[in-house]
Amino acid sequence: MLVKTYGAAVQGIDAIVVTIEVAVDNGLSFSLVGMADTAVKESYQRVVSAITQSGYQWPRRRIVINLSPADVRKEGAAYDLPIAVAVLAAAEEIESKIPLDSYMIMGELSLDGSVLPIRGALPMAIKARELGFKGMIVPHANVSEAAVVNNLDVYGVNHLKQVLDFIIGKVELQPTVVNTREEFAKASGIFDCDFSEVKGQETVKRAFEVACAGGHNILLVGPPGAGKSMMAKRLPTILPPLTLAEALETTKIHSVAGKLKSGSRLMTSRPYRSPHHTISPVALVGGGANPVPGEISLAHNGVLFLDEFPEFSRQVLEVMRQPLEDRHITISRAKYSIDYPTGFMLVASMNPCPCGYYNHPTRECICPPGAVQKYLNRISGPLLDRIDLQVEIFPVPFEEISSNRESERSEVMKQRVVRAREIQSHRFAGEKHVYCNAQMNSRLLTKHATVDKEGLDMLQDAMERLDMSARAYSRILKVARTIADLENGLDTTISTSSAATAPILTHHLQEALSYRSLDRGTWGATTTKLPFQK
């Protein structure tokens, strides 16, 4: 007898349907075909034991299992559950009271029949709804994650016998219901830190606000103990909240990577990833024998913080250049390619020199001649060009540290950021995959970031003095556009449509230029000044 059950395989952050075909005939053999990896082939031992522990007998007949499509590699142990169901149904050990072709079934089996959690339950559920499946049976640990998908009956199970009793009509399972929009609306980012706790550093706070408002990359340069890491940890508190579409996409990535905790639903806070500088290139960008998302994809729609920036290996930093520009990365193998999104905001910090005290107001740098430039050379010029804001941070004076005056709260800063993002949403309403100023291409830059004659003259003078590249020029215009949006967002008399088309003024360009501290022509040359500096 031939029986089919349905599961799914994850490719990238999406899923494709896998048909588990089981034929049971006269004879005594077992075959599993369909480009299965070692974990899938080892399912025989797990399934036999789980069936026995559930009170059924493994059929002593000729069994052939095919996983279709045969040209797609099947990985992991998540096919144990649909294989067990299909084998018993094909051997007529159970009589199904429900149409098996209406349900997607996935789960790993323990030897005692327990159903263990799997990766990628959310993209599988999305695919099941897309293809019109009535329901989905998943491990109980994944049910909240899969139930985020509406208009699909999602059943969470703990044991193989529970599944078999449901199929033969002995018990009735209740689907898990999650009101996605209501749950998302209720959720709000709760943080254990706030910018109000940061004394001084108003210039750096302003730079962070500009970076968050436009989605720009930012680099902090300062001596040890100046507060670089502390301030970076507070960056998520002023980022705009995730939209429902962003939350679904972010949750899919973490689901595929197996990073969601048991019982998790939608991710409601933007991810914040902070890998150590000993990370390998594959761990950062993704890949491996069985490709999984790397840190830059896990930070999608959120923040990737790289502390001690020059201490990362040159190879690790250079592999980020293309993802920073294109906002996605393609992992290529001999027979297939996988795309992962990488729309993250890069936040990096570094000391100004090996000893850490170059340009320090009170301590003397003890580095030998040339050490400062050599230290900076650990970061390539093309990578520095891709960082929109390069900001120096200095130690806070004792008077400000000991002051009891509370600084501006993150919520107040966040309101200005959200208002600026609303202006950008209106500006890019007709554009695909463009949501903030940092994502503007050359065409959009020409359309939305024009400057007058005075501004062009100032930019030309600055570029010649600072020896900046064409990429740095476009980055300055993008930052200036964001600064203008922040300023226009404060004026309640200006409508969103008017703010979206407001011009970039000279003082916007001046502030944007002040955020280019590390440009090769000026770092360490204290006598070189910008054209508007006295």
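Residue indices begin at 1 and follow the sequence shown.
- Taking the side chain as every heavy atom from C-beta outward, L306 and M320 approach each other to under 4.5 Å.
- Y44 and F30 have tilted rings, their planes meeting at an angle from 30° to 60° on a 0 to 90° scale.
- A 4.5 Å side-chain heavy-atom check between L219 and F309 finds at least one atom pair inside the cut-off.
- A salt bridge between R475 and D385 is absent, with no side-chain N of the basic residue lying under 4.0 Å from a carboxylate O of the acidic one.
- Between F133 and Y103, the gap from one ring centroid to the other reaches at least 6.0 Å.
- Electrostatic pairing of D165 and K161 counts as a salt bridge here, judged by a charged N lying under 4.0 Å from a carboxylate O.
- A side-chain donor-acceptor contact under 3.5 Å links S255 and E145.
- Among V417, L220, V391, L239, the single residue meeting the side-chain contact (heavy atoms from CB on, under 4.5 Å) criterion with F208 is L220.
- Remark: R314 engages E318 in a salt bridge, criterion side-chain N to carboxylate O under 4.0 Å.
- Applying the side chain to side chain donor-acceptor pair (under 3.5 Å) criterion to K127, with sequence neighbours excluded, gives E130.
- For F166 and Y155, the ring centers are positioned less than 6.0 Å apart.
- For L486 against E209, the heavy-atom pair with the smallest separation is CD2-OE2, 3.9 Å.
- Looking at R416 and E411, no side-chain N of the basic residue comes within less than 4.0 Å of a carboxylate O on the acidic one, giving no salt bridge.
- A pairwise comparison of heavy atoms in L298 and H254 identifies O-NE2, 3.0 Å as the closest pair.
- Of the possible polar contacts, none joining the R129 side chain to the G135 backbone as a donor-acceptor pair under 3.5 Å is found.
- Taking the six-membered ring where the residue is Trp, the centroids of H448 and F428 are separated by under 6.0 Å.
- In this structure, a donor-acceptor pair under 3.5 Å is absent between the side chains of T250 and H300.
- Side-chain contact between M231 and F195 is present, with heavy atoms from C-beta onward closer than 4.5 Å.
- A side chain to side chain donor-acceptor pair (under 3.5 Å) with D485 is found for one member of R421, R419, R427 and no other, namely R427.
- When the salt bridge (charged side-chain N to carboxylate O under 4.0 Å, His left out) test is applied to D307, no partner is found at least two apart in sequence or on another chain.
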